[in-house]
2 protein chains.
Amino acid sequence: MANINEIAKMAGVSVATVSRVLNNHKYVSEEKRSAVQKVIDQMDYTPNKSAVDLIRRETRMIGIIIPYNNNQAFDQMLHGVLNASIERDYSVIVLPTKYNKAKELTYLAMLKNKVLDGIIITSRSNDWESIIPYTNYGPVVCCEYTDHPEIGCSYIDRYASYLEVFQYLKVKGHTRVAITRGRGMESISTRQTLDAYNNTFGELPTELHISDCYCVEDGYHAGQQLLSLASRPTAIYANGDEVAGGIYLYAQSMNIKVPQDLAIMGQENQPIGVGLGLSSVDHQLIKVGEQAFELIINKLQHKIEIPYRIIHRSSI
Amino acid sequence: MANINEIAKMAGVSVATVSRVLNNHKYVSEEKRSAVQKVIDQMDYTPNKSAVDLIRRETRMIGIIIPYNNNQAFDQMLHGVLNASIERDYSVIVLPTKYNKAKELTYLAMLKNKVLDGIIITSRSNDWESIIPYTNYGPVVCCEYTDHPEIGCSYIDRYASYLEVFQYLKVKGHTRVAITRGRGMESISTRQTLDAYNNTFGELPTELHISDCYCVEDGYHAGQQLLSLASRPTAIYANGDEVAGGIYLYAQSMNIKVPQDLAIMGQENQPIGVGLGLSSVDHQLIKVGEQAFELIINKLQHKIEIPYRIIHRSSI
DNA sequence: CTGAAAGCGCTAACAA
DNA sequence: TTGTTAGCGCTTTCAG
């Protein structure tokens with residue numbers, strides 16, 4: 001590929017002039033401008049982005065840290081930032097961590113490298129103390145609330161959402177309610193779920209708490225486990241609609257009527273939920289992603305709460 | 001951020017030596033190596049990637065062109081390439097086109113720019129003549145078959161898959177079968193669907209062909225439309241499980257029994273399909289994505305066919 | 001084994 | 001309005 005020197009030579013001007021027409025500077029005579037443009041066209045020339053980035057010290061690329069790249073929740077946030085990125089002419093690069101701390105830090109280092117102009121964290125495994133230092137090199141926003149002033153947040157009030165669901169269940173007369181969750185106790189949202197549970201029903205019996213639920217199949221097994229209990233739960237709050245769907249399927253197979261014998265509540269308003277008529281709480285994660293993107297490119301550290309909404313269908 | 005010069009100065013060596021320890025060259029005395037490493041650590045230094053890329057002429061970043069960033073099929077391919085990228089220490093950047101030709105070309109130009117080491121096209125709107133020239137600047141692989149030798153392909157034999165489904169339907173005694181599709185006639189997969197249809201059932205009556213179906217809701221409307229026909233179809237082959245799910249829901253609401261009164265077949269083996277017991281053909285798009293990634297980074301122009309599989313559940 | 005120096009391709013003072 | 005030139009931060013000959 002030709003470079004700016006050759007173009008300059010061919011057009012009979014200096015590289016500075018070529019650079020000027022490339023960047024639409026004024027103070028270039030129409031005559032030279034068109035001469036340069038002509039050479040650019042005929043040589044099918046495009047400036048080398050690494051060189052431009054090197055000198056400009058920005059890349060117009062932002063990264064999004066995602067633990068798993070096939071999880072309904074993270075996918076929604078990804079879609080949100082992708083949606084927003086198109087409008088603003090930014091590129092987004094996906095950074096999957098599988099909750100590996102070192103990998104997560106490696107990605108954060110891309111801010112130092114000047115590969116990325118900013119990073120959005122949808123979920124983290126490092127603690128804030130390890131993350132904060134990177135804010136010196138570029139904006140980082142998180143899809144979870146934190147009061148660290150260096151971090152912008154586009155988040156949902158999960159505690160409030162969980163609390164509302166549990167209260168609702170209580171009002172409906174449920175006292176023995178089970179929950180499912182994804183990864184271990186270290187997860188912030190699990191912590192919040194438990195707090196909300198406690199404040200509504202008191203201590204959560206361990207047998208009513210199933211971990212490692214991600215897909216329909218996991219939900220099916222969770223249902224099996226829960227509904228085989230001597231003292232069955234009368235309601236289950238699943239950590240996603242797919243899991244909720246699996247639970248529903250198991251109940252169905254056992255001839256357990258939903259919602260009469262078992263109430264089920266899902267999350268994130270996924271297709272399987274509409275298919276099965278599952279009630280759900282939609283945390284509007286797409287909006288969370290869109291908002292996170294706006295914060296990043298405007299280098300804002302605001303704390304923005306995205307409202308959730310409960311979707312009433314027939315499983316509760 | 002410090003640069004290589006400062007590190008060299010502080011460590012009392014030349015930049016060349018610093019570069020050598022950075023890149024794990026041999027022929028650096030253990031003494032100098034550790035001196036340099038110490039300074040690197042204490043300064044928390046990271047090389048500037050733009051500068052490295054500029055001189056190395058590679059970025060270890062590959063792009064994936066995707067028309068829509070919330071479509072089950074494209075999402076699966078994206079997940080496939082993401083899966084593969086983690087192992088190989090590459091970054092992937094998502095390039096959403098909304099089938100805008102100019103945008104697509106802009107992305108391809110990122111190969112010329114040296115922003116991307118390669119590009120994977122999951123679906124294109126430009127014709128091959130416009131795309132081929134870019135293969136001069138880096139590998140481009142497509143998730144669709146083409147015999148252009150410049151293009152690597154990781155694809156599924158859609159025609160064969162459609163044909164098998166239609167034949168199966170025919171054997172089951174169906175003669176009036178409808179189909180749904182996404183975007184306009186220009187889509188290659190629509191074309192192949194029609195060919196397969198023709199070779200099985202002959203001309204497809206226009207009233208049995210519904211366009212612009214993407215989600216559950218679209219499917220519901222399609223079902224409504226199709227099942228209101230004076231002469232109803234006895235089977236519907238949907239372009240995705242979500243659409244199939246919508247059709248199922250409508251049939252259910254009308255008390256039309258599946259599969260007795262209406263057979264439904266979906267595609268891509270999505271959660272809603274397992275929830276509703278919908279038969280589906282799984283094109284294994286995740287594998288398509290993984291394979292595409294391998295082709296790209298190995299700069300191969302092979303044509304690799306990924307097998308599909310029909311999943312029998314209870315809707316047919 | 002180590003360092004000096006020549007770039008990679010581009011932008012932006014600065015001077016003209 | 002234009003050209004000269006000094007870098008941006010790094011890698012890699014080429015000598016020693």
Side-chain angles (χ1 to χ4, degrees), chain A residues 1-40 43-61 109-117 137-138, chain B residues 1-40 43-61 109-117 137-138:
Chain A
M1 257 280 301
N3 63 23
I4 200 174
N5 286 297
E6 300 182 39
I7 302 296
K9 203 162 299 170
M10 294 181 66
V13 299
S14 72
V15 295
T17 299
V18 176
S19 176
R20 286 186 188 108
V21 348
L22 247 21
N23 297 288
N24 276 315
H25 278 262
K26 36 198 177 184
Y27 305 138
V28 181
S29 65
E30 197 38 62
E31 185 190 13
K32 302 223 171 199
R33 181 184 299 278
S34 66
V36 169
Q37 192 56 56
K38 197 169 142 195
V39 178
I40 287 177
M43 294 299 291
D44 192 28
Y45 164 77
T46 319
N48 178 310
K49 183 147 185 299
S50 296
V52 176
D53 289 348
L54 173 58
I55 199 161
R56 277 218 225 285
R57 283 117 193 293
E58 74 159 36
T59 60
R60 288 192 83 81
M61 310 211 307
M110 293 173 88
L111 275 180
K112 282 171 58 182
N113 291 359
K114 314 261 95 189
V115 193
L116 263 24
D117 287 353
Y137 307 112
Chain B
M1 256 277 303
N3 64 22
I4 200 174
N5 285 297
E6 301 182 37
I7 303 296
K9 203 162 297 170
M10 294 181 66
V13 299
S14 71
V15 295
T17 299
V18 176
S19 175
R20 287 187 186 106
V21 348
L22 247 21
N23 297 289
N24 276 316
H25 278 260
K26 36 197 176 185
Y27 304 139
V28 181
S29 65
E30 197 38 62
E31 185 191 14
K32 302 222 171 199
R33 181 185 299 282
S34 66
V36 169
Q37 192 57 55
K38 197 168 140 196
V39 178
I40 287 177
M43 294 300 291
D44 191 28
Y45 164 76
T46 319
N48 178 309
K49 183 147 186 299
S50 297
V52 176
D53 290 347
L54 172 58
I55 200 160
R56 277 217 226 285
R57 283 115 194 291
E58 71 159 36
T59 59
R60 289 191 83 80
M61 310 212 305
M110 293 172 89
L111 276 179
K112 284 171 59 184
N113 290 0
K114 314 260 95 192
V115 193
L116 263 23
D117 287 352
Y137 308 112

Close N/O contacts between protein and nucleotides 10-14 of chain C (under 3.5 Å):
unit_1, atom_1, unit_2, atom_2, d
C:dC10, OP1, A:Y45, OH, 2.4
C:dC10, OP1, A:N48, N, 2.9
C:dC10, OP2, A:I4, N, 2.3
C:dC10, OP2, A:Y45, OH, 3.3
C:dT11, OP1, A:N23, ND2, 3.3
C:dT11, OP2, A:S19, OG, 2.9

Legend entry - Note, B:Y45 side chain near B:L22 side chain (heavy atom, < 4.5 Å): yes
Inset, instruction - Figure out the CD/P separation between B:E30 and C:dT2, and round it to whole Å. - result: 10 Å
Inset, instruction - Sequence neighbours left out, what passes side chain to side chain donor-acceptor pair (under 3.5 Å) with A:E58? Give chain and number order. - result: none
Legend entry - Toward the 5' end of DNA chain D, by each residue's nearest nucleotide, A:R33 or A:L54: A:R33
Inset, instruction - Check every atom of C:dT2, C:dC8, C:dG3 against the side chain of B:S14 and return the nucleotide holding the closest atom. - result: C:dG3
Legend entry - Within-4.5 Å side-chain heavy-atom neighbours: B:R33 and B:V36: no
Would you give me the side-chain donor-acceptor pairs under 3.5 Å for residues 3-10 of chain A, sequence neighbours excluded?
unit_1, atom_1, unit_2, atom_2, d
A:N3, OD1, A:N5, N, 3.0
A:N3, OD1, A:E6, N, 3.1

Inset, instruction - Any chance you could measure B:K114, atom NZ, to B:L54, atom CG, to the nearest 0.5 Å? - result: 11.0 Å
Inset, instruction - Taking only the side-chain nitrogens and oxygens of B:T17, find out if one of them lies under 4.0 Å from OP1 or OP2 of C:dT2. - result: no
Inset, instruction - Answer with base, sugar-phosphate or nothing: what part of the nucleic acid does B:K32 contact at a heavy-atom distance below 4.0 Å? - result: sugar-phosphate
Inset, instruction - Name all residues meeting the side chain to side chain donor-acceptor pair (under 3.5 Å) criterion together with B:T59; count only those two or more places apart in sequence or in a different chain, and write none if there are none. - result: B:D117
Inset, instruction - Five pairs at each end of the helix from C:dC1-D:dG16 to C:dA16-D:dT1: take the axis at both ends and give me the angle between them to 10°. - result: 40°
Legend entry - All side chain to side chain donor-acceptor pair (under 3.5 Å) counterparts of B:Y137, not counting sequence neighbours: A:D44
Legend entry - By side chain to side chain donor-acceptor pair (under 3.5 Å) - contacts of A:K32 (at least two apart): none
Inset, instruction - Among residues two or more places apart or on two chains, list those pairs meeting salt bridge (charged side-chain N to carboxylate O under 4.0 Å, His left out) that have a residue in residues 47-57 of chain B. - result: B:K49-B:D53
Determine all donor-acceptor pairs shorter than 3.5 Å in which one atom belongs to a side chain in residues 11-20 of chain B; sequence neighbours excluded.
unit_1, atom_1, unit_2, atom_2, d
B:S14, OG, B:A16, N, 3.4
B:S14, OG, B:T17, N, 3.3
B:S14, OG, B:T17, OG1, 3.4
B:S19, OG, B:N23, ND2, 3.4

Legend entry - Range on DNA chain D touched by chain B - first to last nucleotide, heavy-atom distance under 4.0 Å: D:dG9 to D:dT13
Legend entry - Listed partners of B:E31 passing side chain to side chain contact (heavy atoms under 4.5 Å, CB included), at least two apart: B:S29
